[in-house]
Amino acid sequence: MARKHPRPEVSRRKFLVAVAGAATAATPRAGNADTSTGAPPRRPSALPPTIQVAAAETATPKELPRIGGVPGSDFMVDVIKTLDIKYLPSNPASSFRAIHESLINYGGNKMPEFLTCAHEESAVGIAHGYFKVAGKPLMTLCHGTVGLQHAAMAVYNAWCDRVPVIIVGGNDLDAAHRPPGVPTFHSAQDVNALMRDFTKWDDTPVSLQHYAQSFVRAYKIAMTPPCGPVAISLDAGLQQEPMRNNGEKLYIPRYVPTSPPQGDSGAVKEAARLLASAQNPVIVADRAARSENGVRLLVQLAEILQAQVIDQGGRMNFPKTHYLSRPPTAVNNADVIIGLELSDFWATVNAWIDNGEHGIGINTTRIKPETKLISINSSELLTKANYQDFQRFQSVDVSMAADAEATLPALIEAMKAAIPADRKAPIEKRGEAARKAYAEARERTKQAAALAWDASPVSTARLVMETWAQIKDLDWSLVASSGNVSNWPNRLWPMEKHYHWLGASGGYGVGYGAPASVGAALGNRDLGRFSVSIQADGDLMYAPGVLWTAARHKIPLLAVMHNNRGYHQEVMHVQRLSNFRNRVANLGGDMGPLGTSIENPDIEYHKLAESMGWWAKGPIKDPAQLGPAIKEAVAVVKSGQPALVNVWTQPR
Ligand SMILES: Cc1ncc(C[n+]2csc(CCOP(=O)(O)OP(=O)(O)O)c2C)c(N)n1
Ligand SMILES: [Mg+2]
């Protein structure tokens with residue numbers, strides 16, 4: 001539309017002169033208050049430029065010097081290209097400007113391709129989600145002190161979730177040569193110290209050859225189970241300077257993957273003996289299956305024993321449609337329990353009840369006193385002191401510091417040899433009982449899901465099942481389920497393939513769901529799969545800028561919102577404390593105790609998403625409108641775009 005009163009064209013040069021003159025005339029002298037109103041003196045909105053600024057903005061710029069030779073950061077790119085790193089989600093910054101320039105110009109922005117991120121936490125979250133689909137790590141570049149501080153929580157989640165991410169932090173080490181001011185604020189003596197407690201390894205290369213070794217080593221360490229994040233500090237000088245002697249015979253070490261640690265043969269035999277003679281063996285898996293093969297192996301082990309399997313869901317370990325799939329209470333009657341990559345064995349066999357008159361919880365056991373415990377857990381090889389992700393100490397009878405998936409073939413073979421002929425019939429009988437229990441449990445779950453089916457706001461079971469109805473015929477992958485929807489997807493969807501469920505954040509740092517979904521959807525995009533996430537409101541608001549990254553880089557993702565207008569978990573915590581203390585919780589006009597609601601004003605997530613290039617719809621409060629809205633969104637996602645449906649839901 002044409003303006004009613006078009007402004008006259010003002011050239012920049014004339015504009016500067018005009019502003020300078022006006023500002024000089026209008027600038028009141030210090031302390032010169034407007035005596036008529038008593039108001040303090042007003043500063044002009046545009047200050048006159050200094051002579052230097054005016055000269056810089058108006059004079060012909062000086063010829064820039066050209067740096068001769070081959071940039072050090074070009075060699076760094078050569079090193080990166082020997083490894084299989086497809087994307088580089090990152091927020092740009094001067095501390096790594098030299099390698100940034102090499103990556104996009106010398107490296108052609110391929111392997112890796114730069115993905116523009118609005119927050120370092122989003123960049124690491126994207127890498128986290130991507131790995132769980134693709135099985136390959138991504139690298140991110142972070143801006144020294146401030147960028148790494150933003151990234152830290154997401155790195156902690158990756159650490160707890162045993163996911164490799166290569167974090168490269170730009171840093172200007174040379175105090176005598178680095179630019180003063182901002183770059184110095186952003187530099188540190190040891191920038192990796194910030195995340196040393198929750199990275200597997202880190203280094204500060206001081207030469208290009210050192211960089212080549214460190215980078216390949218970092219990749220190798222990150223990818224060796226138990227996997228984990230690694231950090232490399234990247235000196236600005238080393239990136240920026242030309243290679244000395246124009247090459248000085250630098251070499252790039254070859255990457256050869258390390259095979260995962262397998263359980264000791266004696267311990268495997270002992271585990272097989274205990275399981276073979278058990279009356280009621282139970283398998284518990286958390287981060288056990290790293291691949292489709294892991295799922296297959298676990299099914300094999302379970303069927304040989306006709307043992308019930310509890311899938312704690314750190315990964316997609318066991319098909320939910322299998323009759324041996326059981327809820328966590330199945331440990332109660334076990335006489336032998338084998339835990340595979342459990343993040344918390346103590347809480348698997350014990351309970352902590354948030355109750356008790358002295359303000360501390362009560363510990364109780366979930367199992368019989370004589371139950372034998374077996375553990376295969378590679379995390380034992382990765383224990384550090386400060387952060388408490390190793391959880392409470394649990395004594396077990398057979399303990400293997402080994403990778404579960406790598407140990408399963410040997411355990412399966414040992415099982416076959418260990419089961420005596422006269423045990424085969426009772427084992428078969430166990431299977432029959434399990435089929436019956438499984439069918440009954442499914443019926444109970446369906447009945448529970450039907451409760452409040454027509455409620456408005458929408459029940460979480462309805463949210464999850466209306467979503468299911470629209471995706472069930474696609475090659476789908478549930479990339480994240482943030483917030484708490486009473487675990488309905490895992491209870492109701494027929495999850496069978498290893499990418500049907502990717503597990504949660506690891507460290508329970510909220511704000512994982514949105515970026516990890518985008519990262520996982522990126523991996524699925526390249527494999528031709530359909531990605532869907534259940535997106536909580538609280539989770540999205542930590543760093544919603546990742547929505548823009550998804551639209552910018554054409555990452556198809558269906559985000560169905562579990563918008564309960566609150567930090568509902570915290571609603572319950574504060575309410576519970578109010579109850580303990582016999583006080584009425586102060587709601588301050590909201591639904592939950594003060595400080596726990598996300599309403600008044602209600603966030604219009606559909607508009608938020610739309611503003612960043614997503615197709616979006618909402619807020620949907622009437623359950624009857626949900627199916628058609630998701631159907632529309634699915635069509636958009638199939639065309640290659642992200643889509644969000646903002647649904648008002650019940651709390652859980
Ligand atoms: C980084 C971080 N900050 C705070 C918390 C505490 N916390 C745990 S659950 C939760 C609520 C999250 O809200 P939402 O994602 O909407 O899920 P809901 O509980 O409402 O289903 C919060 C704030 C946390 N775990 N991580
Ligand atoms: Mg919420």
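Along the sequence shown, residues are numbered consecutively beginning with 1. Just follow the structure's listing: the first ligand is 1, and inside any ligand the first atom is 1.
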Do Lys200 side-chain atoms and Pro164 backbone N/O form a donor-acceptor pair below 3.5 Å?
no
What protein heavy atom lies closest to atom 15 (O) of ligand 1? Include the residue and the distance to one decimal.
Asp539 N, 3.0 Å
Can you check whether Met153 has an N/O within less than 3.5 Å of an N/O in ligand 1?
no
Please answer whether the main-chain N or O of Ser482 pairs with a side-chain N or O of His562 as donor and acceptor at a distance below 3.5 Å.
no
With a 4.0 Å heavy-atom cut-off (strictly under), which part of His562 contacts ligand 1: side chain, backbone, both or neither?
side chain
Can you tell me if an N/O/S atom from Asn564 lies under 2.8 Å from the Mg ion (ligand 2)?
yes
Does some side-chain heavy atom of Cys160 sit less than 4.5 Å from a side-chain heavy atom of Tyr387?
no
re atom 4 (C) of ligand 1, the protein heavy-atom contact at minimum distance is Tyr542 OH, 3.5 Å
Provide the number and element of each atom of ligand 1 under 4.0 Å from a heavy atom of Gly483.
17 (O), 18 (P), 21 (O)
Inspect the contact between Lys384 and Asp389 and indicate whether a charged nitrogen and a carboxylate oxygen are less than 4.0 angstrom apart.
no
At under 4.0 Å between heavy atoms, what of Asn564 touches ligand 1? The answer is side chain
For Gln189, I'd like to know if atom CD has over 12 heavy atoms of other residues, nucleotides or ligands within 6.0 Å.
no
Please find out if the Mg ion (ligand 2) and some N, O or S atom of Ala536 are separated by less than 2.8 Å.
no
Can we say Arg565 and Asp602 salt-bridge, meaning some charged N sits less than 4.0 Å from an Asp/Glu carboxylate O?
no
If I apply the N/O under 3.5 Å rule, does Gly566 come out as touching ligand 1?
yes
For residues Arg392 and Trp352, determine if any side-chain heavy atom of one lies less than 4.5 Å from a side-chain heavy atom of the other.
yes
Quick check: does Tyr567 get an N/O under 3.5 Å from an N/O on ligand 1?
no
Looking at Ala536, which atoms of ligand 1 are within less than 4.0 Å of one of its heavy atoms?
14 (P), 15 (O), 16 (O), 17 (O)
Best match, Glu121, Met572, His568: closest heavy atom to atom 18 (P) of ligand 1
His568
From atom 19 (O) of ligand 1, work out which of Gln569, Gln535, Met561 has a heavy atom at the shortest distance.
Gln569
Nearest protein heavy atom to atom 2 (C) of ligand 1, by residue and atom, and its distance?
Val510 N, 3.6 Å
Would you please determine whether Gly509 falls within less than 4.0 Å of ligand 1 on a heavy-atom basis?
yes
Should the ring pair His150 and His119 be called parallel, tilted or perpendicular, given that the plane angle runs from 0 to 90° and is split at 30 and 60?
parallel
Check this for me, if you would: do Lys320 and Asp311 make a salt bridge, where the nitrogen-to-carboxylate-oxygen distance has to be below 4.0 angstrom?
yes
Look at atom 21 (O) of ligand 1 and say which protein heavy atom is nearest, naming residue and atom and giving the distance to 0.1 Å.
Asn484 N, 2.9 Å
Could an N or O of ligand 1 be found under 3.5 Å from any N or O of Gly538, whether backbone or side chain?
yes
Please identify which atoms of ligand 1 are closer than 4.0 Å to at least one heavy atom of Tyr508.
24 (C), 25 (N), 26 (N)
Are any of the side-chain nitrogens in Asp403 or Arg287 under 4.0 Å away from the carboxylate oxygens of its partner?
no
For the OH atom on Tyr508, are there more than 12 heavy atoms of other groups (residues, nucleotides or ligands in this structure) within a distance under 6.0 Å?
no
May I ask which of Arg565, Arg652, Glu570 has a heavy atom nearer to atom 8 (C) of ligand 1 than the others do?
Glu570
Do Trp476 and Leu558 touch side chain to side chain, with heavy atoms closer than 4.5 Å?
no
Just checking, is any N or O donor in the side chain of His128 or Asn157 under 3.5 Å from an acceptor N or O on the other one?
no
Output yes if Asp537 passes the N/O/S-under-2.8 Å test against the Mg ion (ligand 2); output no otherwise.
yes
Atom 16 (O) of ligand 1 sits nearest the protein heavy atom Asp537 OD1, 2.6 Å
